[in-house]
Amino acid sequence: MSPTTTEETTLLSLDELAAHFAAAARALWPQVDPVVQFEAPRRAEFGDVATNVAFGLARVARKKPQEIAEAIAARALDHPAVRSTVAEATAVAGFINLRLVPAFWQDVIAAALREGAAFGRGTPTGERISLEFGSANPTGPLVVVQGRTLSVGDTLAKTMRHAGYDVFTEWIINDAGSQMDALGRSLYARYRQLFDPAYPFPEDGYPGDYLIPVAEALRARDGERWLTVSIEDATAPIAQFARDTLVAGQQAVAHRFHVGYDLWQSEKALHDAGAIERGIQRLRDLGVLYEKDGATWLRTTDAGDDEDRVVIRSDGRPTYFANDIAYHYEKLQRAGHVVDFLGPDHHGYIKRLDALANAYGRPGAFEVILVQQITLKRGDEILSMSKRAGTLITLEEVIDEVGVDAARFFFVMLSTDQPLTFDLELAKKQSNDNPVYYVQYGHARIASVLRKARALHADALVAAERGQGLAALTDPAELALARRLADFGPTVASVARARAPHRLPKYAREVAADFHQFYDACRVLTDDPATTTSRLGLCIATKTVLATTLALCGVSAPDSM
RNA sequence: GCGGUCGUAGCUCAAUUGGAUAGAGCAACAGGCUACGAACUUGUAGGUUGGGGGUUCGAGUCCCUCCGACCGCACCA
């Protein structure tokens, strides 16, 4: 929040308030240099904002936190600017709790009305950060499990952008290696089966039904052409067709799921462009590779890995890790910090990436976010998902069943470090209980009020849009809602900093709850133009914050439902 | 066997990274519309944070140890 001056009083921002309290502490104990931060306390009855500085000072000051808190609060209140912003300051159990003047909160609403969709934006950090998430193999459709990573990754990307980061999102298409061979032979078999149902399916193939329509598409394009081509000669071009078709399908589902990427990076393209050699050559130049048993190794044990890892096999072929090395080297060229979303089965990679970052002279540049597993259930039955076994529930099926909004909100809502049980029966049955509708209902309710206002209170609505008359906002329910809206920026910042997108749906729910309570307590459209104007302003600001929060979650904000 | 992640209300999950009396939703029970959308709202009940020990002003959070769940331990990808 920026400092704002009105005619009668000077209001301090939270940062300025913090600076005054820090100065007060220094005046009392010159040997300390405390960091003061005012945040919304856990419980509203503790005040509007609170700080716990006194605890940190207890040792140096050789006093009880409570006495320190009292002394600092008293000292800070000596300053007239502090007194004009703070309505009440109390020291409780070592915390300093502040109740701020209504004008402070009215100012927040004015800012929200002025800034609209830009409300809550952080100042640009100047840091370019790469986010890779999703990255399924191009051998099948996206499945439910990817819905979680897609939702979480996309929401984190959008939120970090709002918080001021320069975010670059990417997806690696794993289209190099033996799995492409298996895919090609699988599709070849499916294609032959269109003409001869008895044609054998390869043992190591991908048996799911999803390749059948792909085979039909191949026949539609090429007719009987491949019947006369041997499997050896057909595998590569057919694998290419399968890969292109399946990736296009993945991209379509991601798009439908409101997930956007800046780059879909083909691993094969990296090979073809010589990126593998480049990345490894860089390591060689840095002198961090060594030869043993005819293979080339990277000393990952220095970063705490169990054993060193092979980069180039003794037969000269690069390992999968070599591909990763190359890809991450590419990422380092375009970003100062690189984040990977990985499943729990890849946790062994963390040490490897640490070692790699060290080797490149960019320690700490690689960050891994582990997204815990999803166990799929249908009722009491646990479903094991396997592309090999051909049992899969696609993301698209789930979207068809519960809708994009409910699915996105559900997946984002959960912290990534908590394993999740997804019950398909329950998801279907409870999709109507999804909190997303509670939030969307709040948005639609406001839209409805605004429609009515446009018809019956046009003057008040115009004044409200200009941010006029907000000084009339004094009701506890009005101020509670305003305080919540003020927390939007800090919430966005905390989501970005802690990589914790699940706080966003929670916040959206709190905004909606505060709005519904306000709506219940205060009639918006009244005979009194001043009251109507101020409350319409609060409604518009709330609608903006709800819409922005939902947009960050990849969820729509309907005007009616 | 070694290593990793996790364990919070009947269910699904929070707890702003070590801070105040561990909070929400769902389910249960009891209330609230002749006014702007009741997909709303007010209240009640629900807990030894898997067990035990430790660190300190202060622990769901950090350390140790058991129990339990899941996942890794390739010159596979």
Side-chain angles (χ1 to χ4, degrees), chain A residues 39-43 45-46 50 52 55-56 58-59 64-66 92-95 97 137 139 174 176-180 182 267 292-297 304-307 309-324 343-351 370 372-373 375 410 413-415 417-423 426 430 432-435 437-442 444-453 456-457 487 490-491 493-495 497-498 500 502-503 505-507 509-510 512-513 515-517 519-526 532 535-536 539 560-561:
Chain A
E39 293 176 330
R42 266 154 86 142
R43 301 161 68 102
E45 62 251 43
F46 292 137
N52 61 358
F55 291 98
R59 187 160 306 176
K64 289 179 185 163
Q66 172 64 15
V92 182
F95 291 86
N97 299 331
N137 285 330
T139 52
N174 211 310
S178 60
Q179 54 185 343
M180 283 298 98
E267 193 183 330
K292 192 184 84 180
D293 304 333
T296 305
W297 302 67
D305 203 357
D306 296 338
E307 48 188 335
R309 302 292 164 177
V310 171
V311 178
I312 311 231
R313 298 182 181 89
S314 44
D315 64 7
R317 287 159 48 237
T319 62
Y320 178 77
F321 184 41
N323 298 342
D324 250 6
D345 49 333
H346 284 80
H347 71 258
Y349 262 68
I350 298 175
K351 295 281 169 57
L370 282 185
Q372 289 298 326
Q373 238 205 342
T375 310
F410 176 78
M413 204 163 54
L414 306 169
S415 162
D417 48 35
Q418 206 64 228
L420 151 69
T421 314
F422 191 84
D423 187 334
L426 212 60
Q430 292 192 342
N432 282 333
D433 298 329
N434 192 307
Y437 299 119
Y438 179 84
V439 178
Q440 289 181 323
Y441 179 64
R445 216 181 194 186
I446 296 173
S448 171
V449 172
L450 296 182
R451 277 193 296 272
K452 189 148 284 187
L456 303 175
H457 302 266
D487 213 29
T491 299
S494 94
V495 166
R497 188 176 357 98
H502 68 276
R503 286 179 195 161
K506 183 172 173 252
Y507 175 74
R509 217 199 168 281
E510 288 166 345
F515 171 73
H516 288 310
Q517 282 161 34
Y519 186 85
D520 201 56
C522 305
R523 190 177 163 80
V524 178
L525 305 177
T526 67
T532 303
R535 289 180 176 167
L536 279 174
C539 282
S560 65
M561 50 193 290

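Values reported hereafter were calculated over all heavy atoms of this structure, with side chains retained and with hydrogens, waters and symmetry mates removed. In the text below, chain A, chain B and the rest are named by the order of the sequence lines, each starting its count at 1.
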Ignoring hydrogens and angles, answer whether the base of B:G3 and the side-chain atoms of A:His347 contain a donor-acceptor pair closer than 3.5 Å.
-> yes
Read 5' to 3' with Watson-Crick or G-U pairs under 3.5 Å, [ ] for crossing pairs and | for partners on another strand, RNA chain B gives (((((((..((((.....[...)))).(((((.......))))).....(((((..]....))))))))))))....
_Regarding B:C75, can its base be found pairing with the side chain of A:Thr319 as donor and acceptor, where the two atoms are less than 3.5 Å apart?_
no
Closest of B:C36, B:A20, B:G37 to the A:Leu525 side chain is B:C36
Under 4.0 Å: is that the gap between some side-chain N or O of A:His346 and OP1 or OP2 of B:U5?
no
Applying side-chain contact (heavy atoms from CB on, under 4.5 Å) to A:Phe55 and not counting sequence neighbours gives A:Asn52, A:Pro65, A:Phe95
- Query: When rounded to the nearest Å, what value does the distance between C1' atoms of B:U55 and B:G1 take?
  - Reply: 31 Å
To the nearest angstrom, the NZ-P distance between A:Lys452 and B:A35 comes to 11 Å
| With centres under 5.5 Å and planes under 30° as the test, does A:Tyr441 stack with B:G37? | no
Of B:G37, B:U5, B:C75, the nucleotide closest to the side chain of A:Gln372 is B:U5
Those residues at least two apart in sequence (or on a different chain) that pass side-chain contact (heavy atoms from CB on, under 4.5 Å) with A:Asp293 are none
With the side chain defined as heavy atoms from C-beta on, A:Gln517 is closest, among B:A24, B:U42, B:U17, to B:U42
**Prompt:** Between B:A38 and B:U44, how far is it from one P atom to the other, in whole Å?
**Reply:** 24 Å
| Quiz item: A:Tyr438 side-chain donor-acceptor pair to B:A38 base, under 3.5 Å | no
Indicate, with a heavy-atom threshold strictly under 4.0 Å, whether A:Gln418 touches base, sugar-phosphate, or nothing.
sugar-phosphate
Checklist entry - Counting any heavy atom closer than 4.0 Å, what does A:Glu510 reach on the DNA or RNA strands: base, sugar-phosphate only, or nothing? => result nothing
Between CG of A:Asp433 and P of B:A28 the distance, given in whole Å, is 10 Å
From the candidates B:A77, B:U16, B:C75, the one with an atom nearest any side-chain atom of A:Asp293 is B:C75
Taking donor-acceptor contacts at under 3.5 Å, does the side chain of A:Asn323 reach the base of B:A77?
no
